Amino acid sequence: AHTTRATTSGNASATGAEVVAPAGFTRYTDPVDGFSLVVPAGWRPVRSKETLVDFDDPTSSRFLRIDTSDHALPDPYQNWIDYERQFRQGKPDYQLIGIRRVPDYRPDEGWTTADWEFMLGSTHVLDRNIRVSASRAHAIYWSTPQSQWNTADSRRILQLAEQSFVPAPAGS
C-alpha cells in the first residue's frame with residue numbers, strides 16, 4: 001500500500017529521518033545547526049567555518065561538506081550560475097561539467113534543488129544546493145579524486161548522504 005505523507009513547512013524532513021544507517025555508517029546530528037545525515041563510520045565532523053562541517057575520509061582525500069545558511073536565495077540554480085562565474089576566476093585547472101536543476105530530488109519535501117558539478121585539477125566535485133525554505137538553505141558538497149568518483153563506495157556514500165539528509169530547523 002502506498003501512503004502519502006503530508007508535510008508542513010515546519011516539518012523536519014520526515015523522509016530523510018527514516019533512513020537507517022546501514023552497517024559501516026552512522027547518523028550524525030550537528031550540535032550547532034541541527035541538521036543530520038548518514039555518513040561513513042569513522043568520518044569525523046570538523047567545523048571549518050561558522051557554517052561549514054566537513055566529514056573527511058581518513059583513508060583518502062574524499063570529503064563530504066554540509067553548508068548551512070539562514071539566507072536562502074530564491075533560486076538555487078541561478079545562485080550556482082552566478083557563483084560559478086566568480087568561482088572560476090583565476091582557476092586555470094577548473095572545468096565546469098554542468099549546472100542543472102534537480103526536480104526529482106525528494107520532490108515531496110517541497111525543496112528547490114540545483115547541482116553544480118565540476119573538476120578542479122584531478123578532483124571531481126558535486127555541490128548540491130538545497131533551498132528548504134525562505135530562511136534555510138544547505139549545500140551538500142561531495143569532493144573525490146577523479147579516480148574514486150565512480151567507485152561503488154563513493155556512489156553509496158553520496159547516495160546515503162542525499163537520501164538521509166535532514167535540514168537544520170529554520171531560525172536555529
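Positions are given from 1, in the same order as the sequence printed here. Here the structure is a predicted model, which means the values were calculated and not measured.
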query: Is there a donor in the side chain of D30 and an acceptor in the side chain of Y28, or the other way round, less than 3.5 Å apart?
result: yes
message: Do I140 and L73 sit in one hydrophobic cluster, given that two such residues count as connected whenever their side-chain heavy atoms are within less than 4.5 Å of each other, even indirectly?
response: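 Cluster IDs for I140 and L73 differ.
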If you take all heavy atoms of [X] and [Y], which pair is closest and at what distance?
X    : Y    : answer
A137 : A72  : CB-CB, 3.8 Å
S61  : P145 : OG-CG, 3.2 Å
W149 : R155 : O-CG, 4.3 Å
T113 : P76  : N-CG, 4.2 Å

Whether [X] side chain and [Y] backbone form a donor-acceptor pair below 3.5 Å:
X    : Y    : result
S164 : L160 : yes
R106 : W111 : no
R27  : V19  : yes
W80  : D127 : yes
R100 : D115 : no
R47  : E50  : yes
D57  : T59  : yes
R131 : D75  : no

query: Can the ring centres of W116 and Y83 be said to be less than 6.0 Å apart?
result: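 Yes, ring centres under 6.0 Å apart.
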Side-chain heavy-atom pair F25, P40 within 4.5 angstrom cut-off: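 Of all side-chain heavy-atom pairs linking P40 with F25, at least one is under 4.5 Å.
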- prompt: Do S154 and R62 pass the side-chain hydrogen bond (donor to acceptor under 3.5 Å, both in side chains) test, and can you show the C-alpha distance, the side-chain angles, and the key distance before you say yes or no?
  reply: CA-CA 9 Å; S154 286; R62 292 186 302 187; 2.9 Å; yes
task: Report the residues that fulfil side-chain hydrogen bond (donor to acceptor under 3.5 Å, both in side chains) with Q148, sequence neighbours left out, ordered by chain and then residue number.
output: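 So Q148 forms a side-chain hydrogen bond (donor to acceptor under 3.5 Å, both in side chains) with S60.
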How long is the gap from [atom1] on [X] to [atom2] on [Y], to the nearest 0.5 Å?
X    : Y    : atom1 : atom2 : result
Y141 : I66  : OH    : CD1   : 12.5 Å
K91  : L120 : NZ    : CG    : 7.0 Å
Y94  : T123 : OH    : OG1   : 13.5 Å
I130 : S69  : CD1   : OG    : 12.5 Å
T151 : I157 : OG1   : CD1   : 7.0 Å
D33  : D70  : CG    : CG    : 9.0 Å

task: From the options T68, D67, N129, select the one residue that forms a side chain to side chain donor-acceptor pair (under 3.5 Å) with H138.
output: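 Between H138 and the candidates, side chain to side chain donor-acceptor pair (under 3.5 Å) is satisfied uniquely by T68.
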message: Quick one, Q78 with D82, criterion side-chain hydrogen bond (donor to acceptor under 3.5 Å, both in side chains). Give me CA distance, side-chain angles, the key distance, then yes/no.
response: CA-CA 6 Å; Q78 189 61 49; D82 296 341; 2.9 Å; yes
